[in-house]
Structures are given as structure tokens and as C-alpha cells.
Amino acid sequence: MEINNISFSYSGKIKTLHDVTGSIELGKVTTIIGPNGSGKSTLLDIMSNHAVPDAGQVTLDGKVLTDFRPKELARRLAIVHQHNSAPADLTVEKLVSYGRIPHRQMFAQQSEQDAEAVEQALARTNLLGKRKASIAALSGGEKQRVWIAVALAQSTPYLFLDEPTTYLDIYYQYEVLELVKSLNEQHGMTIVMVLHDMNQSIRYSDCIIAMKNGRILAMGAPQDVITAETVKSLYGVEVIIKNDADAGMYMVPIGLS
Ligand code: ADP
Ligand code: MG
């Protein structure tokens with residue numbers, strides 16, 4: 001996916017994205033970091049054709065995103081938004097089956113392939129035992145897994161996740177991150193996610209995009225992007241970057257700059 005000179009504003013006045021250019025490498029995990037309001041979700045919306053840029057374009061497999069028919073794009077790219085809601089009495093199984101809509105002909109019944117994709121999505125997210133549960137009866141971690149399962153049922157090569165770990169306790173955060181890792185390593189999915197935890201970003205990403213005020217401040221391998229200078233510029237926090245034989249590279253905040 002190529003992102004070329006994207007500018008975007010919600011109101012027509014204040015620019016939310018300024019001339020953003022970058023690329024998402026196939027088969028890799030890319031993480032977008034940056035302060036609240038820096039434009040991460042807006043960029044993901046443009047990269048999934050939920051918002052149309054004022055200038056510039058995004059291409060997916062060589063084709064401009066806005067030229068895709070909705071169903072055609074939904075067979076290639078699934079996104080889990082930051083905030084999601086579903087009717088509380090809907091069952092897990094039913095909600096996950098909605099992920100198959102882009103693959104169905106109008107008025108067609110669920111095919112064998114649809115059923116299999118739903119089973120696989122439930123299995124990979126460890127939700128087989130919860131299939132008959134209603135959404136309202138789930139914990140935060142389970143709900144997050146259900147939304148990921150809906151996206152997986154879509155059977156797309158690209159998966160975008162906007163803050164998939166926010167509001168989860170540390171166990172469930174790592175459960176989501178390990179799921180992302182296995183989807184990437186074992187199923188070859190190209191993943192783009194937004195994370196706030198920089199140590200998690202370092203550990204789970206091939207590439208990090210750092211955003212500030214609607215611009216890309218740095219982009220590249222974790223060790224090149226997560227520097228004391230970049231973190232200070234992004235968040236105004238002083239950090240020390242460490243490298244340890246057991247822990248690998250990590251970052252320790254030591255105060256405000
Ligand atoms: P992030 O995901 O990095 O926190 P967003 O992309 O959500 O940032 O927001 C970037 C900027 O755009 C913020 O200043 C935010 O207030 C503004 N913004 C986001 N969504 C809307 C909207 N629907 N209408 C108007 N402004 C918005
Ligand atoms: Mg956001």
C-alpha cells in the first residue's frame with residue numbers, strides 16, 4: 001500500500017493531515033504511534049476508504065483506493081475501529097458471521113465457505129466456547145477479540161486495528177498482540193495497528209510510523225524510530241533507550257523534558 005501526499009481536513013478549515021507520504025510493506029506488521037489527536041485514526045480511515053483525502057491518494061495493490069467497489073475492497077482489507085458497538089443481545093456467532101457479507105451474493109444463504117471462515121475466526125480468537133454468548137455478557141478482552149474475529153471472518157490479506165489494546169489489562173493486551181503476531185507469521189497477513197505503548201510497539205512491529213500534528217515525524221525500523229529525540233519531540237517525555245541481552249531493546253521514561 002502506497003500513501004502519497006495525503007492532505008485532509010474535517011471542517012475544510014483546520015488541516016488534520018498535512019502531506020502524509022509513506023508505504024505499508026506487504027507481509028509486515030506496521031504500528032502507528034503518536035499523541036492523542038495527531039491523526040492516527042484519520043490516517044487509518046483514509047487508508048481504508050472510510051474518508052476521502054482532499055489531496056493525494058492511497059493505492060492498494062497498484063489501484064487507487066477510491067476506485068475500488070466497496071465489496072471488492074472489503075475482500076482485501078478489514079478494519080477494527082477504535083470504538084465499536086453492536087446490539088447487546090446479538091450472539092458472538094451471529095456478529096462474526098456479518099464479517100462474511102462482502103463475500104456473499106445478494107440474498108444468498110451462508111455457504112460452506114462462509115461457515116468455515118466463521119469457525120476459523122472463532123477458533124483463532126479463542127472464542128469457540130463463547131459462540132452462543134450475547135455481546136453484552138462478554139468481558140472487555142473478549143469483546144475486543146470478537147471485533148477482531150469479525151474482521152478475520154472477512155478473510156482479507158490486510159488487517160487494520162485501531163488501538164486494539166486500549167482499556168485491556170496487561171494479560172489481554174498481550175493476548176491481542178500475540179494474536180496479531182501469529183496472524184502475521186502463520187497466515188501472512190499484513191497488519192497495521194495503532195498502539196500507545198512504545199515497548200509493545202518495539203517488540204511487535206517490523207515498522208513504526210510516528211505521527212505528530214498530522215504529519216509523519218519518523219518512519220522505519222523500531223530501533224531507528226524509537227530514539228530519545230523522537231520520543232521527546234512526540235510526547236515531551238525524557239526517556240532512556242536500553243538494549244539488553246534478555247529483553248532486547250526497550251525504553252524507560254525518566255520524566256518530563
Ligand atoms: P488520533 O487517532 O491520533 O488520536 P484523530 O485522527 O482521531 O487522532 O484526530 C485528529 C484530529 O482530527 C484531532 O484534532 C481531532 O479532534 C480531529 N477530528 C477527529 N475526528 C473528527 C471529526 N469527526 N470531526 C472533526 N474533527 C475531527
Ligand atoms: Mg485514534
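Excluded from the calculations below are hydrogen atoms, water molecules and symmetry mates; all remaining heavy atoms, backbone and side chain alike, are included. Both ligands and their constituent atoms are indexed starting at 1 by order of listing.
For the pair Gln154 (side chain) and Ala74 (backbone), a donor-acceptor distance under 3.5 Å is present. Checking side-chain atoms of Thr21 against main-chain N and O of Asn5 turns up a donor-acceptor pair under 3.5 Å. Not one N or O on the side chain of Lys130 forms a donor-acceptor pair closer than 3.5 Å with the backbone of Leu138.
Under the 3.5 Å distance criterion, with hydrogens and angles disregarded, a donor-acceptor pair is assigned to the side chains of Thr42 and Tyr10. If you check the side chains of Ser9 and Asp54, you find a donor sitting under 3.5 Å from an acceptor.
Ranking protein heavy atoms by distance to atom 3 (O) of ligand 1, first place goes to Lys40 NZ, 2.7 Å. Protein heavy atom in closest approach to atom 8 (O) of ligand 1: Gly39 N, 3.3 Å. At the shortest separation from atom 7 (O) of ligand 1 among protein heavy atoms lies Ser41 CB, 3.8 Å. In terms of protein heavy atoms, atom 18 (N) of ligand 1 is closest to Tyr10 CE1, 3.3 Å.
Using a 4.0 Å threshold on non-hydrogen atoms, atom 27 (C) of ligand 1 counts as touching the protein. There is no protein heavy atom closer than 4.0 angstrom to atom 16 (O) of ligand 1.
When side chains are defined from C-beta on, Glu175 does not count as touching Leu168, because their heavy atoms never get closer than 4.5 Å. At a threshold of 4.5 Å between non-hydrogen side-chain atoms, the residues Tyr158 and Met47 do not count as touching.
Not close to ligand 1: Gly34, with no non-hydrogen atom less than 4.0 angstrom away.
Listed by chain and residue number, Thr31, Ser201, Ile208 satisfy the side chain to side chain contact (heavy atoms under 4.5 Å, CB included) test with Ser205 (two or more places apart in sequence, or in another chain).
Rounding to the nearest 0.5 Å places CZ of Arg100 at 8.5 Å from CD of Gln110. Separating the OG atom in Ser85 from the CD1 atom in Ile135 is a distance of 11.0 Å, to the nearest 0.5 Å.
Using a 4.0 Å cut-off to heavy atoms of Thr42, the atoms of ligand 1 that qualify are 5 (P), 6 (O), 9 (O), 10 (C). Within ligand 1, counting atoms from 1 as listed, the ones closer than 4.0 Å to a heavy atom of Asn36 are 4 (O). Remark: ligand 1 atoms within the under-4.0 Å shell around heavy atoms of Thr16 are 10 (C), 11 (C), 12 (O). Atoms of ligand 1 found under 4.0 Å from any heavy atom of Pro35 (numbered from 1 in listed order, with element): 3 (O).
For the side chain to side chain contact (heavy atoms under 4.5 Å, CB included) with Tyr250, the lone residue among Ile226, Ile240, Asp244 that qualifies is Asp244. When the options Ile191, Leu60, Thr190 are evaluated for a side chain to side chain contact (heavy atoms under 4.5 Å, CB included) with Ile24, the one that passes is Thr190.
Taking only non-hydrogen atoms, the option from Ser11, Gly37, Ser9 nearest to atom 14 (O) of ligand 1 is Gly37.
Among protein atoms, those of element N, O or S found less than 2.8 Å away from the Mg ion (ligand 2) are Ser41 OG, Gln82 OE1.
Residue-to-ligand polar distances place Ser38 within reach of ligand 1: an N/O pair is separated by less than 3.5 Å.
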